[in-house]
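Below is one structure, written out as structure tokens; comments come after it.
Because only heavy atoms are used, hydrogens play no part in the values below, and waters and symmetry mates are left out as well, while side chains stay in. Read the numbers this way: they start at 1 and go in the same order the structure lists the ligands and their atoms.
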Amino acid sequence: MPELTPLEEALKAVMESVKPLGTERVFIYDAVGRFLAEDITSDTDKPLFDNSAMDGFAVRHEDIEGADEDNAVQLRLVGEYSAGTGEEIRVERGTAVKIFTGAPIPEGADTVVPVEYTETKDGYVYIKKEFKRGANVRKRGEEVKEGEVVLKRGHEIRGYEVGMLAFVNRAVVEVYRRPRVAVLSTGDELLEVGEPQSRPSQIRSSNHHMIYSLVESAGGVPHQLGIAPDDPEELRRVLRTCRDYDIFITTGGVSMGERDYVQYLVKEVGVDVKFHKLRIKPAKPVLFGTYGENRLFFGLPGNPVSCAIAFDLIVYPAIRAMLGAKEVFKKKVKAVLTKDYVRRDAKRREFARAKVWFENGKFFCEPHQKQRSHMLTSLVEANAYLVVYEGVKELKKGEEVEAVLLQ
Ligand code: AMP
Ligand code: MG
């Protein structure tokens, strides 16, 4: 039997082959889920001017010294500042301006007294509490100064970052390009969704749709190539298009069967194969190689669960790295196992479908009943993979285990 490649070695080969893609300028909404290829600096001081943090009265601190409930200070009201105001009033000694949150602090004033500590009557405001000089004033530049970096190159754009980009007057931003990923299922038995069944031996293909969506969720741009038969001529024709993509993914036809042609044909189209069999369970038949300039070829297994696991463990990190992400792997947690997990053969590292949840300060992990690699039910009812390391035959209830989260 040919040597099986350990997962770490396989990942090393994949990650060494990943080179960052070029960059492109996109509208900020289209930058979500992607990574900055430039430093973003602030266009102005933020805030741009001293402004009020409260609804209240802008005063001179010297006027309100010693003010309290029994000893209210009387100030003459000379105007009103709302957010966005164009008013220009000077607060002289003995006067105050009514002010709203976000409005600029009028000249002469240095402190804002919140409305709760005041009373107004006949054109006067009565201040019933002393506040420190500068209280309730947001100072110009206290958050960031003009030209200061607010988002570093490599930072992931989420909704919060879109807010920040708009705040510093950016509608367009430079991000890393998303990899173009071709997805192809292979197999004479496969039926497309909606296609009528003409022979009982045909099965509905799930893989190319599953992988398409997983690619998209990971941040890649999937291209659906559909289903190819187990026919060398047809397969060769489709595989030759690999140069149009950064990543080419096939499913099926990569195992030991006589009609498993992918492993031979990829060499014909110029793929330099780095490994073909992994020491993991399920998903042993996984082929990986490089072609062209920094392009990646993944031949994933036909069994849907194996296909998904191979994607999550091997392809997902490659897509994330191409996007410019620093953390490229699915997150792992330590969890308490809720029932025994036993297996006969401990040669390979196993990824058992499981449910993980958080309760009373701990994660718990329950392996799914159905663990066979053709059963998609185990995946749709799971949110994690329980990791059973090489050499481990049994994991006991109550033991601390490792789980890979599927999100
Ligand atoms: P293969 O690796 O081509 O020998 O396929 C292994 C198993 O996965 C077989 O039972 C196939 O019928 C099944 N299979 C292959 N491709 C798909 C697919 N696209 N969707 C669902 N099952 C598949
Ligand atoms: Mg097949």
N/O separation below 3.5 Å, [X] to ligand 1:
X	result
Asn303	yes
Ile203	no
Ser255	no

Which heavy atom of the protein is the closest neighbour of [atom], given with residue, atom name and distance?
atom	value
atom 18 (C) of ligand 1	Asn207 ND2, 3.2 Å
atom 19 (N) of ligand 1	Ser205 OG, 2.9 Å
atom 9 (C) of ligand 1	Glu189 OE2, 4.2 Å
atom 3 (O) of ligand 1	Gly253 N, 2.9 Å
atom 4 (O) of ligand 1	Asp260 OD1, 4.2 Å
atom 13 (C) of ligand 1	Gly302 O, 3.7 Å

Heavy atom under 4.0 Å from ligand 1: found in [X]'s side chain, backbone, both, or neither?
X	answer
Leu190	side chain
Pro304	side chain
His374	neither
Ser206	both

Which of these passes side-chain contact (heavy atoms from CB on, under 4.5 Å) with Val113: Thr118, Val125, Val73?
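Of the listed residues Thr118, Val125, Val73, the side-chain contact (heavy atoms from CB on, under 4.5 Å) partner of Val113 is Thr118.
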